[in-house]
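Step one of this worksheet: look at the structure below.
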Amino acid sequence: MKKVLLATVVAAFAAFIGHRFLQLKEMTLASRELSVKHLNCQYLQNIEFGAEDITILNKDGRAFLSAGLKFPGLPSFSDEPGKMYVLDLLHPKPTPELLNIKGELDLSSFNPHGISVYVDEADDSVYVFVVNHPQHETQVELFKFVEEDLSLVHLKTIKHELLYSVNDIVAVGMDSFYATNDHYFSNKLLKSYVEPFLAQPWTNVVYFSPTEVKMVSEGYYMANGINMSPDKRYVYVVDPLGHDVHMLERKEDNALTTVKSVGVGSLCDNVEVDLETGDLWLGCHPNGKILMFDPKDPPGSEVIRIQNIQSDQPVLTQVYADNGSVLIGSSVAATYEGKLLIGSVFHKALCCDLK
C-alpha cells in the first residue's frame, strides 16, 4: 500500500513538473520565430551597456535615458555603476550627454531601472523619478533637472515596504507616482527560483504619495512597464509573461479599475505614450532568449505600436524587428517628430527614422 501511495505521489509530482515546464515554455514564447524588419537606424554614441528605459519631454524633444542596469539573472558587461543621460532629438545628430548627479546619493551603487519625468506647470521645472536598485534593493530617487549645466540635483530617496521590487514608474505629481512590482516575493531565493517556476499572477501596482501608499491593482504575472494616457485618465500596465497591455481607469482616490487588456503576442517590457496621438510604443523581447542569454544565439528585439487603444478595435503594428544581429534585448521604444529611440537592457541603443 505504501509503495502504491509513493508511486502515486511521484507520478503526480512528475506530472506537475512537466505541466509547469510546458506552461513556462508557452509563457516565454520559446518556440516563436522572428522575421527581420529593419529601419534606417544608427547606434547612439556613449551607450554601450544598455539604455533600459527612455522617456521624452514632448515640449522640447529632450529624452532622458537610464543606462547600465544590473539585473539579477541577466548579463552585465560593465562593473561601472549606472548612469543617466539626456539627448536632444531636435539636434541634427542626437547624441546622449552624461548627466552630472549632484547631492547626497551613493553613486558607486547607482543602478537605475525605470524612469519617469514630471513637469511642474507653475514654473516648468522638470523632475526626474528613477527606480534605483543599490545592492539589488529597491528605492526611488527624485531629482530636479538643471538644464544650464546638464545636471540632476538629488532631492530625496523614497522607500516603502510596498515598494519592494519596483520595475517601472509613472509620475503623477511632484512627489507622487504609480509603480509596478515585478515580483511577489522579496526574498532573493524565492523571487529568483520559486516564483518563476510557479509562474502565478501575483504581482501588482502601487500608488505612492507623501500622505498615502496603497496597492491599487494586482493579478499580473510580471507587472513591468507603466505609463499614462495624455489626458491622465488611463494608466497602462505591461505584463510581458501575460503577453498583454492592461488599460486601467484612474479614480478620484487614485485607485485603478481594469477597463480591458490588449494582447500583443510578444514579451513587451516598457511602454511610452505619444502625447500628441495617444499611441503606445512598446519595446519588446520576441521570445524568452532574454532569460537564457547565449552570445552565439542572442535575444532579438521588437517594437510594437498600438493605435486607438481606447477604441473597440485597437490597431497593432510591428514597427521594428531584429534577430539580435543589430540590437540585443530591446526594452523600450520612444518616438518624437519622426525619430524613434530604441533602448535595450544591457546592449546598445538606436536612433531610427520613421519618415
Side-chain angles (χ1 to χ4, degrees), residues 44-69 78 80-134 138-159 163 166 168-179 208-210 226-228 230 232 270 272-273 275 332 334-337 339 341 343 349 351:
L44 287 176
Q45 295 181 23
N46 304 326
I47 305 298
E48 299 295 334
F49 306 110
E52 199 280 338
D53 204 5
I54 301 172
T55 193
I56 297 174
L57 277 177
N58 273 46
K59 69 183 184 72
D60 60 9
R62 183 174 280 110
F64 292 87
L65 302 83
S66 64
L69 173 68
S78 173
E80 294 184 8
K83 297 177 174 62
M84 293 291 298
Y85 290 88
V86 67
L87 175 149
D88 181 4
L89 281 168
L90 295 178
H91 192 280
K93 293 184 178 180
T95 302
E97 297 182 82
L98 182 64
L99 286 165
N100 181 26
I101 298 178
K102 300 179 179 179
E104 296 182 2
L105 180 66
D106 180 10
L107 296 182
S108 66
S109 62
F110 187 52
N111 190 16
H113 198 170
I115 61 176
S116 183
V117 172
Y118 180 81
V119 179
D120 184 358
E121 295 181 355
D123 59 3
D124 286 335
S125 294
V126 176
Y127 296 90
V128 182
F129 293 70
V130 180
V131 178
N132 183 20
H133 300 295
T138 292
Q139 57 196 48
V140 175
E141 314 295 352
L142 176 58
F143 301 94
K144 184 176 183 180
F145 172 60
V146 180
E147 183 176 2
E148 290 72 21
D149 62 354
L150 293 182
S151 66
L152 292 177
V153 178
H154 187 247
L155 301 179
K156 63 180 175 179
T157 295
I158 298 169
K159 298 181 182 180
L163 302 171
V166 177
D168 197 15
I169 186 172
V170 58
V172 295
M174 288 177 57
D175 49 10
S176 57
F177 54 83
Y178 290 99
F208 177 93
S209 76
I226 187 169
N227 219 309
M228 192 163 49
K232 305 185 189 312
N270 289 306
E272 291 297 311
V273 178
L275 296 184
V332 63
T335 183
Y336 182 81
E337 297 291 332
K339 296 287 186 182
L341 299 179
C351 181

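Small disclaimer: the values here were computed from a predicted structure and weren't measured.
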Heavy-atom donor-acceptor pair, Ser176 side chain to Met174 backbone, under 3.5 Å: no
Is the shortest distance from a Lys or Arg side-chain nitrogen in Asp124 or Lys59 to a carboxylate oxygen in the other one below 4.0 Å? no
Once rounded to the nearest 0.5 Å, what's the spacing between atom OG of Ser151 and atom CG of Leu98? 11.0 Å
Mind checking the CD1-CG spacing from Ile101 to Leu152? Nearest 0.5 Å is all I need. 5.5 Å
Can you tell if the side chain of Tyr127 reaches within under 4.5 Å of the side chain of Val119, non-hydrogen atoms only? no
The reported gap from NE2 in His133 to CZ in Phe110 (rounded to nearest 0.5 angstrom) is 10.5 Å
Return the minimal non-hydrogen interatomic distance between Gly173 and Phe129, and the atom names on each side. O-CZ, 3.4 Å
Is the closest side-chain donor-acceptor distance between Glu52 and Asn270 under 3.5 Å? yes
For the pair Phe208 and Phe177, name the ring-plane relationship: parallel under 30°, tilted 30 to 60°, perpendicular over 60°. parallel
Go through the steps to decide whether Ser66 and His113 satisfy the test side chain to side chain contact (heavy atoms under 4.5 Å, CB included), and finish with yes or no. CA-CA 6 Å; Ser66 64; His113 198 170; over 6 Å; no
In the structure I gave you, are the side-chain heavy atoms of Phe143 and Leu105 within less than 4.5 Å of one another anywhere? yes
So Lys102 and Val146, side chain to side chain contact (heavy atoms under 4.5 Å, CB included) or not? Walk me through it. CA-CA 10 Å; Lys102 300 179 179 179; Val146 180; over 6 Å; no
Taking C-beta and beyond as the side chain, do Leu150 and Phe145 meet within less than 4.5 Å on heavy atoms? yes
In sequence, state the C-alpha distance, the side-chain angles, and the governing distance for Leu44 and Thr95, and then conclude on side chain to side chain contact (heavy atoms under 4.5 Å, CB included). CA-CA 6 Å; Leu44 287 176; Thr95 302; over 6 Å; no
When rounded to the nearest 0.5 angstrom, what is the spacing between CG in Leu99 and NZ in Lys83? 12.0 Å
For the CG atom of Asp88 and the OH atom of Tyr336, what is their distance to the nearest 0.5 Å? 9.0 Å
Measuring only between side-chain heavy atoms, which start at C-beta, is Met84 closer than 4.5 Å to Pro112? yes
Phe64 pairs by side-chain contact (heavy atoms from CB on, under 4.5 Å) with which of Leu87, Ile56, Leu57, Asp53? Leu57
Heavy-atom check, side chain of Asn111 versus side chain of Leu69, under 4.5 Å: yes
Would you sort out whether Ile169 and Val140 count as a side chain to side chain contact (heavy atoms under 4.5 Å, CB included), showing the intermediate values? CA-CA 9 Å; Ile169 186 172; Val140 175; 3.7 Å; yes
Just how far is it from atom CG of Leu65 to atom CG of Asn46, taken to the nearest 0.5 Å? 10.5 Å
With a 4.0 Å cut-off on N to O distance, would you call Glu147 and Arg62 a salt bridge? yes
Which pair of heavy atoms, one from Ala67 and one from Tyr85, lies closest together, and at what distance? CB-CE1, 3.8 Å
Taking C-beta and beyond as the side chain, do Glu272 and Thr55 meet within less than 4.5 Å on heavy atoms? yes
Flag, side chain of Ser78 to backbone of Phe49, donor-acceptor distance under 3.5 Å: no
State, with a plain yes or no, whether a side-chain heavy atom of Leu89 is found less than 4.5 Å away from one of Leu341. yes
Closest heavy-atom contact between Val332 and Ala51? CG1-O, 3.7 Å
Any donor-acceptor pair under 3.5 Å linking the side-chain atoms of Glu141 with those of Thr157? yes
